[in-house]
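Computed over heavy atoms, backbone and side chain alike; hydrogens, waters and symmetry mates excluded. These numbers come from a predicted model, not from an experiment. Both ligands and their constituent atoms are indexed starting at 1 by order of listing.
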Amino acid sequence: MKKLHGIELGAGTAAFLDAPQRMMIGGQRVEAVSGETLPVIDPASGEVFCRVPAGDAADIDRAVAAARQAFEAGEWSRMRPVDRERLLLRLADLLEANAQEMAELEAIDNGKPVTMARHVDVALSIDFLRYMAGWATKIEGSTMEVSVPLVRDREFFGFTRREPVGVVGAIIPWNFPLLMAAWKVGPALASGCTMVLKPAEETPLTALRFAELVQEAGYPPGVLNVVTGLGHTAGAALASHKGIEKVAFTGSTEIGKLVGKAALDNMTRVSLELGGKSPVIVLDDADPAVAAAGAAQAIFFNQGQVCTAGSRLYVHRSRFDEVVEQLSGIAAGMKIGPGIDPGTQIGPLVSAVQQQRVLGYIDSGLGEGARAVAGGTAADGMGYFVRPTVLVDTRDDMRVVREEIFGPVVVAMPYADLDEVARRANDTPYGLAASIWSNDLSRVHRLIPKIKAGTVWVNCHNILDNAMPFGGYKQSGIGREMGRAVLDLYTESKSVVMML
Ligand code: NAI
Ligand code: MG
């Protein structure tokens with residue numbers, strides 16, 4: 001029996017943590033070529049609880065070669081769509097059978113509340129793999145009537161094929177480690193690609209366990225390879241690798257630009273899902289209690305480490321005090337604790353670096369004249385905790401209003417009319433998401449087209465669906481994941497013209 005923070009871990013979780021961690025390359029569990037390892041830290045205590053291989057360029061080379069071999073020559077390259085569907089369904093079933101273990105690993109590794117890990121991260125990953133399994137048999141081309149000006153006496157036939165793009169390099173962040181892996185693996189495997197996945201150095205564990213489940217499901221070796229390692233070594237080697245056809249990246253806008261430039265040099269296809277500073281807009285007809293609860297969920301879910309976090313709250317001035325007071329009450333009442341404790345509502349941030357970054361933002365806001373009506377400090381204990389924080393008296397030019405904080409910190413601001421709030425909501429380099437809180441259909445519909453964001457929620461926030469394309473306007477990224485749209489990212493279109 002293994003305990004962490006007084007909570008007994010499941011047998012599967014304990015066994016996984018006790019075994020030496022290995023990467024997955026060509027179906028083999030391997031150490032890094034260099035033999036080096038990286039520590040994995042429990043963010044609720046700051047203690048190292050296991051180590052993973054520190055893969056670098058040499059490991060990326062091996063993994064790309066294995067993925068290339070599987071893509072070109074192996075059993076996978078000849079597999080029927082219906083068999084790709086069956087394998088993805090089997091993988092989803094295995095994930096479901098191991099759901100509690102996955103949730104515990106995620107909670108320990110990332111710090112997030114285990115209940116959220118189970119019912120959000122793991123549950124959504126299972127659903128998404130099943131959703132993508134269905135697409136394996138529904139990837140279609142078109143037929144065209146061809147008009148040829150010179151050759152009038154012959155008939156022509158034109159059609160398009162959708163072909164897998166090839167070897168995919170996926171680089172993912174630490175905020176939803178398993179779910180971000182699923183978002184890349186699902187469409188890649190549905191469309192017949194092979195891949196190399198590099199999880200974030202802060203949270204490598206569920207990707208390693210997931211790679212074992214992929215082998216257990218019966219995927220041929222080399223279809224999914226996982227290399228753990230740092231961003232500027234393993235990540236950079238993958239993004240700039242000449243042997244891959246596509247890079248799928250989720251993470252910061254800063255690194256996304258580097259990855260995009262590296263990819264462009266090789267003309268590698270690239271999709272980028274980056275940061276955000278999403279507005280939550282409360283109209284004057286909204287119920288203040290509903291709006292406050294919604295705003296709390298929008299910013300405090302996952303400790304605010306969400307690309308779509310509702311980090312700027314705009315409330316009509318007639319409702320401002322009421323909404324802010326209720327929001328502050330919710331913030332102050334949230335139970336802070338280690339993620340593995342089922343009673344925890346707010347876990348630690350993922351790392352000491354992230355905690356310092358978030359506290360630094362709070363201090364910069366306070367230094368410029370903002371006031372914390374809830375939180376504003378680290379919570380007690382050794383872990384990387386930050387109290388749920390509500391800042392008021394902010395100005396639109398402050399860093400806390402302009403930059404992505406990626407922590408449980410919201411800036412709340414009053415506004416006077418709809419044109420003003422639309423302008424201020426769009427006054428950001430980002431464009432990932434927004435939410436509008438109102439039951440006035442006409443005003444809501446007038447506002448929706450004005451908001452420059454890839455997703456607009458009405459009377460909800462952070463609701464994702466497999467069928468809904470997801471991605472950003474402006475500096476929030478390039479491309480749309482999920483839904484039918486994601487297939488465009490993982491396939492090439494080939495036009496065929498035949499003279500009959
Ligand atoms: P990051 O963008 O550095 O990390 C994301 C992934 O990129 C990780 O797997 C990392 O190893 C990899 N990476 C780092 N440098 C790389 C490079 N030179 N080439 C290729 N891959 C590289 O994000 P980080 O530093 O962990 O967080 C910084 C800020 O980024 C956060 O405070 C937050 O604002 C934002 N962020 C946004 C995320 C989102 O979902 N949109 C996720 C994570 C962070
Ligand atoms: Mg970084």
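- Ring to ring, Tyr314 and Trp437 are not that close: their centroids are 6.0 angstrom or more apart.
- In summary, the atoms of ligand 1 found under 4.0 Å from a heavy atom of Val259, numbered by their order in the structure, are 20 (C).
- Between Arg399 and Glu368, no side-chain nitrogen of the basic residue sits less than 4.0 Å from a carboxylate oxygen of the acidic one, so the salt-bridge criterion is not met.
- At a 4.0 Å heavy-atom cut-off, ligand 1 touches Arg357 through the side chain alone.
- Atoms of ligand 1 found under 4.0 Å from any heavy atom of Pro173, numbered from 1 in the order shown, are 42 (C), 43 (C).
- Contacts with ligand 1 closer than 4.0 Å are made by no heavy atom of Ala239, backbone or side chain.
- Between Lys198 and Glu201 there is a salt bridge, with a side-chain nitrogen of the basic residue lying less than 4.0 Å from a carboxylate oxygen of the acidic one.
- A salt bridge does not link Arg118 to Glu101: none of the charged nitrogens lies less than 4.0 Å from a carboxylate oxygen.
- For atom 1 (P) of ligand 1, the nearest non-hydrogen atom from the set Gly472, Cys307, Ser252 belongs to Ser252.
- The aromatic rings of Phe470 and Trp183 lie perpendicular to each other, with more than 60° between the two planes, well past the 30° mark.
- The residue among Gly276, Gly231, Gly477 with a heavy atom at the shortest distance from atom 14 (C) of ligand 1 is Gly231.
- Interface atoms of ligand 1 facing Ile172, defined by a heavy-atom separation under 4.0 Å, are 6 (C), 8 (C), 9 (O).
- Counting heavy atoms under 4.0 Å from ligand 1, residue Gln354 touches it through the side chain alone.
- Between the CZ atom of Arg402 and the CG atom of Asp396 there is a distance of 7.5 Å, given to the nearest 0.5 Å.
- Atoms of ligand 1 lying under 4.0 Å from at least one heavy atom of Phe249, given by number and element, are 2 (O), 6 (C), 7 (O).
- With a heavy-atom cut-off of 4.0 Å, Leu274 touches ligand 1 through its backbone alone.
- The Ala236 neighbourhood of ligand 1 comprises atoms 19 (N), 20 (C), with distances under 4.0 Å to a heavy atom of that residue.
- Residue Thr250 places no N or O, backbone or side chain, under 3.5 Å from any N or O of ligand 1.
- Ring geometry, Tyr131 versus Phe128: the interplanar angle falls under 30°, so the pair is classed parallel (tilted spans 30 to 60°).
- For Glu72, the side chain to side chain donor-acceptor pair (under 3.5 Å) partners are Arg68, not counting sequence neighbours.
- Here is the list of ligand 1 atoms found below 4.0 Å of a heavy atom in Glu404: 33 (C), 34 (O), 35 (C), 37 (C).
- In summary, Asp59 and Arg62 engage in a salt bridge, as defined by a charged side-chain N under 4.0 Å from a carboxylate O.
- The side-chain contact (heavy atoms from CB on, under 4.5 Å) search around Arg29 returns Arg22, Met24, Glu212, not counting sequence neighbours.
- Counting atoms of ligand 1 from 1 in the listed order, those under 4.0 Å from a heavy atom of Gly235 are 19 (N), 20 (C), 21 (N).
- In terms of polar-atom proximity, defined here as any N/O pair under 3.5 Å, Ile405 makes no such contact with ligand 1.
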